[in-house]
Every structure is written in structure tokens, then in C-alpha cells.
Amino acid sequence: MDITEQELLKRAKEGEHDALEQIFRHHLDSAIRLAYLITRNWATAEDAVQEAFLQAFRSLHSFQDDRPFKPWFTRIVVNKAKRTKDRLDRGHLPYDQEEVNPHRIFSPEEHALDKEGVDTLFSAINRLDENHRLPLLLKYISGLTEAEIAEALGIPPSRVKSRLYVARQRLKKHITKLKGGGGDAKI
Amino acid sequence: MQRFDEQITETLRAKSEWPGSADALWGRISSDLDQPRSKWRRKRLWVGMATAATIFLAFMIHTMLTPLPPDPPDPQFSRLASPEAFSLFMVPEEIQTVLPGEEVQIALGSYFTPEGDDDRDLRLVIWRSLHSEEVLVEERLLEEDEILGQSVLWVISPTEPGLYRFVVEGTLLTEGERMTLAAEQTIRVEGKEEDAISENDQP
């Protein structure tokens, strides 16, 4: 955690509304993306993130200053998102349809990548089981280190390392298979 | 490998572009933060406080009506505020079921303690039930500002699924009065035990 965030957290603990908002804006992007990739429904992802921020802010008094904020907060987001996903899985809420919006403006990331390649890789990621998909999301969306992922998921760092390795291998294998078995996957 | 890492990041980002508004979401959060807790939550706090008061009353009546043994075999029974003794008279409570890392509230009971009793630092002790035995998971001292003026203590549940008992115990001096705090809450942390990694999973 950098000095700025430590200072922000200190001010937030003292009840400064502005500091809470800055923390919210700093962590919103990765939190909402992560929640959506877990729940696959924007409305419930927003609910999960809202609940996660509220819980984090209300628990700030018990948060130790010397610990990094992001893994702690990410764990709350994951828990909230998984709980809402359980409701989705039970059929109480619909998954968002992944239909192509004809008026949709493509992101710079999508322009930079081959569109078909994005879809293939995304489909492969979604085929991973949760034990391998979650560490992947925490690494590539939340930007956590392996040690931070271990803290966020409550598993040993060695297990995070092996799961990330296995996840990447499975993705490559899946893509290679789709491309007809041709060499190293280039998506 | 680095190129593949970048492709994963770019793919995930491309597929998770939020169509919502940060301002609107902050508006909802900010409004919730400014409001007092919900009626149900406040009601739960009152229920917790009422339960703690009932338990305390039952404990005091029992203590007054039961003479202390002349020569207790175990020194722990000589302590009026012994949490072990306190727990003997706890009304069976509902087990809270939570997710790993979720916030848990423990209703606090407190009562004035006469001079001469053992002073014990305020602490939170977490026990885990394993094969009909209890294993100490964590013991940490509590800061007075975590407790003072609060009717509940908020703690984060353990990450390992299982059955846990949270115990708060200790004495503190506030405005010249010695007070003993005691609370106990059983928590079930949901989830499966971590699966063992197969040989194929090793890098």
C-alpha cells in the first residue's frame, strides 16, 4: 500500500467522507469488473460491489493500518459476488445475455485484439472451474500478486502458483484444440 | 508467456466493461453510509443486547443463590467473572452461518466487577471445533476503543470453513468503574474444505 492510500485510510477511519469517496473511486474499476466476471450479471455485480464497499467502510475501524487494503477488500468483493452468484445459480435471477449490441462501441482493447481471439479466450476462461478461474481473475483483473491472492482466497501461496500455472496451461490447450492443434496458441 | 498474460488481461477487460455510472453507485453507497443502520439491523442489536442482559441476570441470580465450594479443585472456578463459568449459563444461541472472511457481530455483555477479582486484559479468543475437540485458532488483545460505547464487536470470520466459537473476555476500567466483559458466539463458516491438488496440477 502506498503512502497516499495509507493517508486516505487514516482519514477515512476518522470519518472523512471525501476520503471514503476517493477510496471508492480508486478501487471501483477492478471491483466491478471482478464482481461481474463472477456473477455474469451487471445488476447483481453492482449490488455485490455496493455491499462490499459498505461492509469495508463500516469495518474500517478494525482494519489494521499495516496490512494492504486491496487483498482484504478483494476478499469481501469475492464473497459478496459469490453469494449473489449462488442466487443466480439457483435460478432466482437471470444471467445477462451476451448478445452483440449492433450500436456497441468497441473498446481500445478489443480494437487491439482480434475479435474472434477475444471470444475464444474468454470462452476458454469461462470453461475453467472456479478453483482455477478465481485466481486468474484476481491476478489479471484485480492485479494482485500471488501472495495477495493467497491472502484474499485463504489458501497457501504455493497453491495459488500451481493453480495459475494449471489455468494457463488449460487455456492454451483449449485454444490450440480449437485452432486444429497447430503449435503455440496465438490468439 | 508475457504476451499471453497480456492477452488474458486484455480479453478480461474487454469483456467486463461496466455500462453503469460510478457517480450513481457512489450516491447509493454514500446515502447508505449516512443513514443509520436498517430497522432490522437495529432490531438485531436490541435483540442481542436483551439476550446479553437476560444471560447476565440469570448468571447473577445463579451466582447469588449458589454458594461457592469451600475448596475448589480448579482455581478457575474461584473467579467470579470466569468466562468458562459464564458460558455454563449461556442460553443456547443460534449459530451464525457466514462466508469465509465475512463480517460477524458478537453481542457484548458487561457488568460491574468488585475490587479484588482477577484483572484480565480484554481479548478475543477464537476456537475451532475439530473432531469433537476445540483447537485455539487465534487470540488477540482488543483495543478499548473497539469495545467502549459499543454493544457489539465486529470481527472478520476465518477463511477456513468450519465451526468456530468466538469468545470475548476481560476487564476494563471505565470512568473509575471496573467492568467485566463477556460474550460468546458460535459461527459456522460455509464452504468446502480445500481440495487436495492432484499431481497433474503441480507446475
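Residue numbers begin at 1 in each chain, while the letters A, B, ... track the order of the sequences.
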Under a 4.5 Å cut-off applied to non-hydrogen side-chain atoms, are [X] and [Y] in contact?
{"X": "A:Lys172", "Y": "B:Phe4", "value": "yes"}
{"X": "B:Ser30", "Y": "A:His17", "value": "yes"}
{"X": "A:Ile141", "Y": "B:Arg13", "value": "yes"}

- [ ] Using the test side chain to side chain contact (heavy atoms under 4.5 Å, CB included), find all partners of A:Lys139 that sit at least two apart in sequence or belong to another chain.
- [x]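 Partners of A:Lys139 by the side chain to side chain contact (heavy atoms under 4.5 Å, CB included) criterion, ordered by chain and then number, come out as A:Ile149, A:Leu164, A:Arg168.
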- [ ] Could you list the residues that satisfy side chain to side chain contact (heavy atoms under 4.5 Å, CB included) with A:Ala19, not counting sequence neighbours?
- [x]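 So A:Ala19 forms a side chain to side chain contact (heavy atoms under 4.5 Å, CB included) with A:Leu8, A:Arg11, A:Ala12, A:Glu16.
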Task: Side chain, backbone, both or neither of A:Leu20 within contact of chain B (heavy atoms, under 4.5 Å) - done: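 Backbone plus side chain of A:Leu20, per the 4.5 Å heavy-atom cut-off to chain B.
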Open item on the list: What part of A:Lys80 gets within 4.5 angstrom of chain B, counting heavy atoms only: side chain, backbone, both, or neither?
Closed with: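 Answer is side chain: those atoms of A:Lys80 sit under 4.5 Å from chain B.
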Open item on the list: Can you tell me if B:Arg123 has over 12 outside heavy atoms packed within less than 6.0 Å of its CZ?
Closed with: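 Counting neighbours around CZ of B:Arg123, more than 12 heavy atoms of other residues, nucleotides or ligands fall under 6.0 Å, so yes.
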Once rounded to the nearest 0.5 Å, what's the spacing between atom [atom1] of [X] and atom [atom2] of [Y]?
{"X": "A:Asp29", "Y": "B:Ser16", "atom1": "CG", "atom2": "OG", "answer": "7.5 Å"}
{"X": "A:Phe53", "Y": "B:Leu33", "atom1": "CZ", "atom2": "CG", "answer": "11.0 Å"}
{"X": "B:Ile8", "Y": "A:Tyr140", "atom1": "CD1", "atom2": "OH", "answer": "4.0 Å"}
{"X": "A:Tyr36", "Y": "B:Lys15", "atom1": "OH", "atom2": "NZ", "answer": "8.5 Å"}
{"X": "A:Glu51", "Y": "B:Ile29", "atom1": "CD", "atom2": "CD1", "answer": "10.5 Å"}
{"X": "A:Arg33", "Y": "B:Leu12", "atom1": "CZ", "atom2": "CG", "answer": "9.5 Å"}

Open item on the list: Treating B:Arg28 as the side-chain partner and A:Gln50 as the backbone partner, does any N or O pair qualify as donor plus acceptor under 3.5 Å?
Closed with: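 No, B:Arg28 side chain to A:Gln50 backbone: no donor-acceptor pair under 3.5 Å.
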Task: Any donor-acceptor pair under 3.5 Å from A:Arg75 side chain to B:Gly101 backbone - done: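 No, the answer is negative, given that no donor and acceptor are paired below the 3.5 Å cut-off.
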Open item on the list: Minimum heavy-atom separation for B:Asp23 and A:Arg25, please, with both atom names.
Closed with: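 Of all heavy-atom pairs spanning B:Asp23 and A:Arg25, the closest is OD1-NH2, 2.6 Å.
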TODO: Can you label the angle between the B:Trp26 ring and the A:Phe24 ring as parallel, tilted or perpendicular, going by 30° and 60°?
DONE: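 Ring orientation, 0 to 90° scale: tilted.
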